[in-house]
Each structure stands twice: as structure tokens, then as C-alpha cells.
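Okay, so here's the structure we're looking at.
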2 protein chains.
Amino acid sequence: MKIGQVSKKTDLPVQTIRYYETQNLIKSAGRTEGNFRVYDSKVIDQLEFIKHCRHLDLSLSDIKRINELRDNPNAVCEEVNELINDQVKMVKIKMKELRHLKTQLEALTDSCSNNQKVGDCGIIKSLQECDC
Amino acid sequence: MKIGQVSKKTDLPVQTIRYYETQNLIKSAGRTEGNFRVYDSKVIDQLEFIKHCRHLDLSLSDIKRINELRDNPNAVCEEVNELINDQVKMVKIKMKELRHLKTQLEALTDSCSNNQKVGDCGIIKSLQECDC
DNA sequence: TTTAATATCTATAGCCACTATAGAGTCAAG
DNA sequence: CTTGACTCTATAGTGGCTATAGATATTAAA
């Protein structure tokens, strides 16, 4: 199987698959005479795994670490658990930030009374004042 | 006033101030004989304005646009309002994504029953299955 | 006055996870 | 035998900084 076919099956851009190779997340089975990458079907599962992890916003280095642990089934599960918990923490922090952001932005839009002229715009006035 | 003093007053790294200059968000009033940037006090307000906007996660190009409109007080307010509304929309989308993420990640941690061994780890098993 | 410390300068590279481009080579169908 | 689709490598760009190296400038202490 060549890279284009892998791309179609996984719905990942060809470039991305090559990029994952440079990051040592996957390996091709070898090359053709013409230097084209050849893959066996195993890579589809690997890429789907990566996709799933990326969907959870795990970093490529986290994914790499999880892969290393997967290859070593006697390893202790704790590290994977910590990794996911850290991710949950990060997501919670980001959500909190966004909630704050939303509040501030909505206050801004409320301060625009459609005055038409920028010189009278409540938004710009508000941006000039500091409420941090 | 030299850049170090501006940095202290605004609590922005010197590098960042220079970076904002390369992006045409601010200008120095000129240079000393020794080629050091010189600023007048106006720049403090400008940087505080930028800080405030960045705090709202507005992009530097958005900030630049707002500045252009500010310099032209007869411009129509609508564009600023749209810009902020778009930002609110983006924030809402991101929040939605994060809520989804959080749900999935928390389901994952629940599936780790502290089995100790990676080979039995519910998290890794779950990551292998696709529930998209 | 010398010297040492501090501040500033430019230019460049790194971060992350891709994405896009250029230019060259490979391969299959008509 | 040519056309077009595919693949290859290498490189640059994205955003908003941050960090570094190496040079120059200024200030304070000895």
C-alpha cells in the first residue's frame, strides 16, 4: 500500500502521514524501487489511534509516550492515567479562561450602542480602560 | 524613555515590545545616537490597549485593524462590533469543543480501573476503539 | 580613568502541528 | 510515447511570542 491509499483510508493528508513519520510516530514497512513508501495494513490502526488521541488534543509527544507504553504491556498503567488526568486539568483551565473571555467580550458588545461613529464607540472606549 | 523602562511600566518583555514594532502595532519616537529606541509616554497607553485586546485573545491583525479605525474617528462603528462578535462566536465554538473533549477524557479516566498493567489498561483499550 | 555590570541592538532559531510550495522523479493508462 | 496522477525531498510559512548569540552602548563603582 502506498501513501495515497493510506491517506484515503485514514482521511489524513499525505503530508501529515509523512510528518508523523519524521516525528517517529509511525514507520513505513519499506520503500519501492522508485523510493515510494510502502505500508502494511497495520499502519491504518496506528494512524486511527493517533487520530483519536489528537481528537482528544493530546500532544504528539504524549501520543508517542502512550505508544511506547503500549508496546510494553507489563508497564505500569499509572503513567497513562496521569497523562489523561493532566489533559483533563488543562482542558478545565482552558474552559475557565474561555468563560472569562466570553463574559468580557459580551460586556463589550453590550457597550456598543450602534453609535455609528468609531469616535463614540463604547467598545473602543471600554478597550481603553483597564478592568484587569 | 528607553525600551527597558517601557517594559517595566507595561510589564511586557522587551522582546515583545520590539516584536510589536516589527508588526507595525507601535512605533518608537526615534533613536538615540547609540541607536537605542526612544519612546514618549503615549506608547504606554498603546501597549496597555494591546495588552487588553490580547487578554481578549484578539489577534494582532485584529488589533491593528481596531487601531486603524481608532485613528479615524469618523469611521463606522459596525466593523469593530462585528470583530468582537466574531470573537465571541469563536470563543463559543472553542468552549463547545472543550466541553466535548472533557466528556471524552473523563470517560477515559473512568475506564482506568488501576489495573496496574498497561496490557489491561482500560484507557488504552478505549483509545483503540473509535467512537467518533 | 578604567573596568565591570547592565542595557540595548540585530539577526536568527525554536515552539507546535501541521500546511503549502517548488522542483524533481516515478509510474500506469491510453 | 506522452499525458497526467502520484510520489519524493527540502524548505518556508502559520501565530505570537521566547530564547539565544554576538556586537555595541551606557552607567556605576573602584
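Chain naming here is simple, since letters A, B, ... match the order of the sequence lines and numbering starts at 1 in each. The shown structure was predicted, so the numbers you read here are calculated from the model rather than taken from an experiment.
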How many whole angstroms separate atom [atom1] of [X] from atom [atom2] of [N]?
X     : N      : atom1 : atom2 : value
A/K64 : C/dA17 : NZ    : C1'   : 14 Å
A/Q23 : C/dT19 : CD    : P     : 14 Å
A/H55 : C/dA17 : NE2   : P     : 16 Å
B/M1  : C/dA7  : CE    : P     : 16 Å
B/F36 : C/dA7  : CZ    : P     : 11 Å
B/Y19 : C/dC9  : OH    : P     : 18 Å
A/K51 : C/dA17 : NZ    : P     : 17 Å
B/R31 : D/dA25 : CZ    : C1'   : 13 Å

Residues A/K94 and A/D57 bridged, charged N to O under 4.0 Å: yes
Phosphate OP1/OP2 of D/dT18 contacted by B/T16 side-chain N/O (<4.0 Å):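 Looking at the OP1 and OP2 atoms of D/dT18, one of them is under 4.0 Å from a side-chain N or O of B/T16.
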OP1 or OP2 of D/dC17 under 4.0 Å from side-chain N/O of B/Y20: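 Looking at the OP1 and OP2 atoms of D/dC17, one of them is under 4.0 Å from a side-chain N or O of B/Y20.
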Closest non-hydrogen atom pair, A/T10 against A/K51: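 Distance-wise, the nearest heavy atoms are O-NZ, 2.7 Å.
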What is the nucleic acid contact for [X], judged by heavy atoms within less than 4.0 Å: base, sugar-phosphate only, or nothing?
X     : result
A/R37 : sugar-phosphate
B/S59 : sugar-phosphate
A/R54 : sugar-phosphate

First encountered from the 5' end of DNA chain D, between B/T32 and B/P13: B/P13
Side chain B/Q15 and base D/dT20 donor-acceptor under 3.5 Å: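 Per atom types, the contact qualifies.
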Do [X] and [Y] touch side chain to side chain, with heavy atoms closer than 4.5 Å?
X      : Y     : answer
B/L105 : A/N85 : no
A/N67  : A/F49 : yes
B/M1   : B/D40 : no

Given DNA chain C, 5'-ward residue of the pair B/V14 and A/I50, judged by closest heavy atom: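 It is B/V14 whose nearest nucleotide is closer to the 5' end.
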First of A/R18 and A/E33 reached from the 5' end of DNA chain C, by closest nucleotide: A/R18
